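Heads up, the thing below is written out as structure tokens.
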Number of protein chains: 2
Amino acid sequence: MNTSFEDMLNKLNENNIRLSHQRLKILEYLAENRCHPTVDKIYNELHKDFPTLSKTTVYNTLNLLTKINIVRIVNIEDNETRYDICTENHGHFKCESCGRIYDFSIDIDSFTTKELDGFKINEKDIYFKGICPKCIKN
Amino acid sequence: MNTSFEDMLNKLNENNIRLSHQRLKILEYLAENRCHPTVDKIYNELHKDFPTLSKTTVYNTLNLLTKINIVRIVNIEDNETRYDICTENHGHFKCESCGRIYDFSIDIDSFTTKELDGFKINEKDIYFKGICPKCIKN
DNA sequence: AAGTATTTAATAAACATTATATAATAATAA
DNA sequence: TTATTATTATATAATGTTTATTAAATACTT
């Protein structure tokens, strides 16, 4: 599901969530920086231009947006929680050398298995790890 | 890669890691309890019969075993790190209702995408979430 | 403008994980 | 066996992340 800005506003409305200045800024940041940032990164970047923003608010907002499926958690590494705006089916590749996370599109719907007949599947996450071409060169 | 007990011992030897009593117990627990336990669960269960075992040791051992690919981290949820003995290709399904994690076999090697040409892929993790048949009944 | 609900921020608390240093254990060699 | 060394385990403290709590600020309604 690709999420346009209008879709987001609709979802916020449906859930009676106001689009505060803080929430708008965090959403904008996620939309413009598709680097799957951590809470820390989001906070530090926004804090520069928005010094009153608190980290608690970043946590609260991300949890809120995750709950209504505007944002998704990228759990590719156990010691860092990253966040991504929900977009159509794609997987995540993390380079073990430079740490960068790449998106790759993949038809997740086609992944099924008879073993899961009778299971209701709400979410599918595909995580790959390895070395990216840039790091292979070096 | 399916890991037999002998394979494990070999890997420990290759890496000059002694099979201490603590490590054996933790390995045994993982082999016999394929429930993808958390550190806490492993610690609490083993602590009953082995009161001197410390949680630090559980952490150290799991990190050690992860490094040499005897154990793998199951990162399906961001607020809990779980552990699994490495076995042949399979994915993990977490029931959002009862919390149980199910294994399902899946041919992970067949998942590829042209977008990752030039990438060296070392690890593939497949995580599904939803509701399991038992919970659908209720 | 007053009253109400929502949102934010600061602080403290909870929790998980790692670092450090000491004690215990096992391996090796004299 | 004993002494020496390396490895491992433990306890404690430290770190880091996330959540709870509460009071202040803001926005909405009438």
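Just so it is clear, the model here is predicted, and its values are computed rather than measured. Protein chains get the first letters and strands the later ones, always in sequence-line order, with residue 1 at the start of each.
If you take CG of N16(B) and C1' of dA26(C), they are 14 Å apart, rounded to a whole angstrom.
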Taking distance alone, no hydrogens or angles, what donor-acceptor pairs closer than 3.5 Å link side-chain atoms of residues 117-126 of chain B to residues at least two apart or in another chain?
unit_1: K120(B); atom_1: NZ; unit_2: N122(B); atom_2: OD1; d: 2.6
unit_1: N122(B); atom_1: ND2; unit_2: E96(A); atom_2: OE1; d: 2.9
unit_1: K124(B); atom_1: NZ; unit_2: I108(B); atom_2: O; d: 3.3
unit_1: K124(B); atom_1: NZ; unit_2: F111(B); atom_2: O; d: 2.8
unit_1: D125(B); atom_1: OD1; unit_2: R72(B); atom_2: NH1; d: 3.2

Show which side-chain atoms of residues 12-30 of chain B pair as donor or acceptor with protein atoms under 3.5 Å away, not counting sequence neighbours.
unit_1: N15(B); atom_1: ND2; unit_2: K11(B); atom_2: O; d: 2.7
unit_1: S20(B); atom_1: OG; unit_2: R23(B); atom_2: N; d: 3.2
unit_1: R23(B); atom_1: NH1; unit_2: R18(B); atom_2: O; d: 2.9

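dA30(C) is paired with dT1(D) under the Watson-Crick or G-U wobble criterion, all donor-acceptor distances under 3.5 Å.
Here H36(B) pairs with H92(B) under the ring pair (Phe, Tyr, Trp, His ring centres under 6.0 Å) rule; sequence neighbours left out. Scanning for side-chain contact (heavy atoms from CB on, under 4.5 Å) contacts around N79(B) gives E77(B), with sequence neighbours left out. Listed by chain and residue number, nothing satisfies the side-chain contact (heavy atoms from CB on, under 4.5 Å) test with N138(A) (two or more places apart in sequence, or in another chain).
Other residues sharing the hydrophobic cluster of I131(B), ordered by chain and number and joined by side-chain separations under 4.5 Å: I136(B).
In terms of phosphate contacts, T57(A) brings a side-chain nitrogen or oxygen within less than 4.0 Å of OP1 or OP2 of dA9(C).
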Q) In the 5'-to-3' direction, what one-character label does each nucleotide of nucleotides 12-24 of chain C receive under the scheme B = base within less than 4.0 Å of a protein heavy atom, S = sugar-phosphate only, - = no such atom? A) ----SBBB-----

Q: Can you check each nucleotide of nucleotides 22-30 of chain D against protein heavy atoms at under 4.0 Å and return B for base, S for sugar-phosphate only, - for none, in 5' to 3' order?
A: ------S--

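Residue pairs satisfying the ring pair (Phe, Tyr, Trp, His ring centres under 6.0 Å) criterion with at least one member in residues 69-88 of chain B, sequence neighbours excluded, are absent.
Checking each of T66(A), N75(A), V74(A), D78(A) against D78(B) for a side chain to side chain contact (heavy atoms under 4.5 Å, CB included) leaves exactly one that passes, namely N75(A).
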